[in-house]
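Remarks on the structure that follows.
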Amino acid sequence: GAVVSQHPSRVICKSGTSVKIECRSLDFQATTMFWYRQFPKKSLMLMATSNEGSKATYEQGVEKDKFLINHASLTLSTLTVTSAHPEDSSFYICSARASEETQYFGPGTRLLVL
Amino acid sequence: AQTVTQSQPEMSVQEAETVTLSCTYDTSESDYYLFWYKQPPSRQMILVIRQEAYKQQNATENRFSVNFQKAAKSFSLKISDSQLGDAAMYFCAYREDSNYQLIWGAGTKLIIKP
């Protein structure tokens, strides 16, 4: 089956620093990847859609200068949280669109900003 | 706008019994996809089953099956012979044929009683 990895699985950083999260499709090429944020006991909130070789499309209310997305290859997308603040603490999940039109999800990254 | 509704915040079932999770959606489209995803305590989102709207036959994956009622816009998930490992949050999701973004329900927490 399609496997998506995410790194790191957990990160703690100081307020004001930047954190990069990587999302990789391990056994398939993904022209489209998605970044989600999930609050405790809530559903997934789509942050942005990342297309290989082009700029990401951000959802309303998501600051593109704060959440930088780069999709430089067909197997890698990165999300960088810039100048992180405690309110950015959350669970971030990526997914990749496989050829059969189904999204497969990474295991998620728990971010804690102190 | 499309919406997905899961009216059961929590369900419980005895081990080895059968349980049905409900999902309704609202759309004016005729071609779309429906999904059930499982999120166990590890928070890894796992695809359980998917249904193409143009297919009349209900999808089945081992102990998991759906009851897809297109006219009623209903997409329920039946889990037979429930196992302890089935305990998780279950999310219903909708996707248009022309758009890769998923619209998510609020989720149903499934508890398995031993």
Side-chain angles (χ1 to χ4, degrees), chain A residues 1-10 21 23 25-26 28 30-52 54 56-60 62 71 77 90-112, chain B residues 1-11 21 23 25 29 31-55 59 61-62 64 66 87-111:
Chain A
V3 180
V4 177
S5 70
Q6 215 173 312
H7 179 79
S9 59
R10 183 176 298 184
I21 303 170
C23 178
S25 55
L26 298 184
F28 65 99
T31 56
T32 306
M33 291 185 172
F34 302 87
W35 287 96
Y36 296 87
R37 184 172 178 174
Q38 188 179 32
F39 294 98
K41 300 183 180 180
K42 297 293 184 181
S43 186
L44 277 67
M45 182 188 78
L46 180 65
M47 298 175 65
T49 301
S50 168
N51 293 298
E52 187 266 337
S54 63
T57 303
Y58 290 83
E59 294 302 300
Q60 191 174 7
V62 178
H71 193 161
S77 177
S90 192
F91 191 67
Y92 294 87
I93 306 176
C94 74
S95 70
R97 182 174 66 89
S99 59
E100 65 266 34
E101 312 295 0
T102 299
Q103 287 187 32
Y104 292 93
F105 288 79
T109 296
R110 187 179 302 278
L111 171 64
L112 177 61
Chain B
Q2 292 82 7
T3 58
V4 177
T5 302
Q6 292 179 250
S7 59
Q8 307 154 316
E10 185 175 298
M11 290 283 284
L21 308 184
C23 173
Y25 57 95
E29 302 293 323
D31 294 325
Y32 50 87
Y33 299 85
L34 294 163
F35 305 85
W36 278 98
Y37 282 92
K38 167 186 176 181
Q39 189 178 39
S42 67
R43 302 192 78 172
Q44 168 77 61
M45 196 70 78
I46 301 166
L47 175 67
V48 175
I49 201 165
R50 83 174 214 163
Q51 174 83 42
E52 292 90 340
Y54 66 85
K55 290 185 178 180
E61 287 289 339
N62 301 313
F64 299 87
V66 299
M89 283 291 291
Y90 286 81
F91 292 97
C92 177
Y94 162 98
R95 206 210 90 195
E96 284 180 14
D97 186 36
S98 59
N99 187 337
Y100 301 122
Q101 292 183 5
L102 291 171
I103 309 297
W104 296 88
T108 296
K109 182 178 181 179
L110 179 63
I111 298 169

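In the text below, chain A, chain B and the rest are named by the order of the sequence lines, each starting its count at 1.
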Study note, to complete from the structure: Ranking Q6(B), M45(B), K109(B), M89(B) by heavy-atom pairs under 4.5 Å to chain A gives rank one to M45(B)
Practice item. Quick one: pull up CZ in R95(B) and OG1 in T102(A) and give me the separation to the nearest 0.5 Å. Key: 7.5 Å
Check your understanding: With sequence neighbours left out, what residues match S54(A) under side-chain contact (heavy atoms from CB on, under 4.5 Å)?
Key -> N51(A)
Check your understanding: Quick one: what part of F91(B) sits under 4.5 Å from any heavy atom of chain A, side chain, backbone, both or neither?
Key -> side chain
Review point. Going from CG on L102(B) to CZ on F105(A), what distance comes out if it is rounded to the nearest 0.5 angstrom?
Key: 5.5 Å
**Study point:** Under 3.5 Å: donor-acceptor pair, side chain of S43(A), backbone of G107(B)
**Key:** no
Exercise for review: For I93(A) and R43(B), work out which heavy atoms get closest and say how close.
Suggested key: CD1-O, 4.5 Å
Review point. Roughly how far, to the nearest 0.5 Å, is CZ of R50(B) from CD of Q103(A)?
Key: 11.5 Å
Exercise for review: Tell me, please, which residues at least two apart from K41(A) pass salt bridge (Lys or Arg N to Asp or Glu O under 4.0 Å).
Suggested key: none
Review point. Which answer fits Q38(A), side chain, backbone, both or neither, if we ask what part of it has an atom under 4.5 Å from a heavy atom of chain B?
Key: both
Practice item. Let me know if L44(A) has heavy atoms under 4.5 Å from chain B in its side chain, its backbone, both or neither. Key: both
Study note, to complete from the structure: Applying a strict 4.5 Å limit to non-hydrogen atoms, the region of I46(B) in contact with chain A is neither
